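In what follows, a single structure is set out as structure tokens and then discussed.
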There are 2 protein chains.
Amino acid sequence: MQKTARDSQNFEIKLDAQLCFAIYGAAHAFNRTYKPLLEPLGLTYPQYLVMIALWEEDGQPVKAIGDRLGLDSGTLSPLLKRLEQAGFVARKRDRDDERQVRISLTGKGAELKNEAAGVTEAIGKALGCSLDEAAALRDGLVALKERLLSAS
Amino acid sequence: MQKTARDSQNFEIKLDAQLCFAIYGAAHAFNRTYKPLLEPLGLTYPQYLVMIALWEEDGQPVKAIGDRLGLDSGTLSPLLKRLEQAGFVARKRDRDDERQVRISLTGKGAELKNEAAGVTEAIGKALGCSLDEAAALRDGLVALKERLLSAS
DNA sequence: CGTAATTAGATTGCGCGCAATTGATTTGCG
DNA sequence: CGCAAATCAATTGCGCGCAATCTAATTACG
């Protein structure tokens, strides 16, 4: 069994594919784990991420939320409309810059943060690893993301 | 500045959020990096994953592809229909078990593997890390996925 | 043997995710 | 000042991703 350049390229192809599958699968697994936990709250996973962003800082414009989550108005506009419909947020035009729409939490939306604490706890258990391990994985993913985005 | 139970709970919510964001963001970054590379081939990212599965083993039934990628027929049926429309695969009922539909590569679909080698090379560069690092990340993701799925 | 339970795939409905376009507002520059 | 360029959100169109439902085929069991 001799090792050739072609072998190592095949190795790279397989690893690339495996990494694709791994990211893809892990993201879906995350999604599936959150879904039943978020359903009682009346939130989808992306909606939950938006709520977290608002719990951290209320009254952000759509653009700021989009930058934080990496989403554009094509995704956020209808999503925010549904959050408004559900009574979690209110949308109003910024008086100083009427291009912007600021998203603010309603009382109901702010209260939801307390219920969400249970979700966090359940996910923590499902992760089944220490905070250090989770942090290490997170750092690896963030670094990967940075490299991918800066390369393009 | 006193440290209270509420503080530490907020800390956990944020860390949880960061891991969410990290997976979410990395998956999107992967998607965005692949998209312009796959467009010339006429494939979307999920279609590319299906093609990889078929290049590894031709003639699989829909169910087997779904198990490999974690997708159900609701996603695969229309996706495969588009791959068939594009001339990359053919679908035919298994003669021994007419419930199953086996997906086989056309000549055009098999040839596409050669063009896809360039995609792999570009991604390898975009990853910007050693094979060992990529493998470690892959293992961490696979382990995470396993824990999440087994917990639910 | 025959009916019930299981399995495979397709279809429908809804919510992202993103490119492209549109419309309104603000900014910048001559 | 005035017009062009830039910015922000909304909308449209298409392709997933998944739950729920449906049909057809196979298997299991009495």
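Nothing here was measured: the structure is a model prediction, and the numbers come from that model. Just so we're on the same page: letters track the sequence lines, and every chain starts at 1.
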| What nucleotide, of C:dG17, C:dC16, D:dT11, holds the atom closest to the side chain of A:Leu71? | C:dG17

| task | Can you figure out which of C:dT26, D:dA10, C:dT11 approaches the side chain of A:Glu98 most closely? | result | C:dT26

| message | What's the closest nucleotide to the side chain of B:Asp97 if the choices are D:dA25, D:dC18, C:dC16? | response | D:dA25

| Which nucleotide sits closest to the side chain of B:Gln100: C:dA8, D:dA19, D:dA10? | C:dA8

| Rounded distance (Å) that lies between atom C1' of C:dG9 and atom CD of B:Gln60 | 16 Å

| task | Round to a whole Å and report the spacing from CD of A:Glu39 to P of D:dC18. | result | 14 Å

| OP1 or OP2 of C:dA8 under 4.0 Å from side-chain N/O of B:Arg93 | no

| Does a side-chain N-to-carboxylate-O contact under 4.0 Å join A:Arg68 and A:Glu57? | no

| field | Value in whole Å for how far the P atom of D:dT7 lies from CZ of A:Arg99 | value | 9 Å

| request: Check if the side chain of A:Ser77 and the base of D:dA9 share a donor-acceptor pair of N or O atoms closer than 3.5 Å. | output: no

| message | Check the phosphate of C:dG15 against A:Tyr45, side-chain N and O only, distance under 4.0 Å to OP1 or OP2. Yes or no? | response | no

| message | So if I take every side-chain heavy atom of B:Val101 and compare against C:dG17, C:dA10, D:dC16, which nucleotide ends up nearest? | response | C:dA10

| Hey, is the side chain of A:Lys35 poking within less than 4.0 Å of OP1 or OP2 on D:dG17, counting only N and O atoms? | no

| request: Taking only the side-chain nitrogens and oxygens of A:Arg82, find out if one of them lies under 4.0 Å from OP1 or OP2 of C:dC16. | output: yes

| Who pairs with B:Asp94 by salt bridge (Lys or Arg N to Asp or Glu O under 4.0 Å), at least two apart in sequence or on another chain? | B:Arg102

| query | Roughly how many Å is it from CG in B:Asp72 to P in D:dA20, rounded to a whole number? | reply | 11 Å

| query | In whole angstroms, how far is the P atom of D:dC16 from the CD1 atom of B:Ile65? | reply | 14 Å

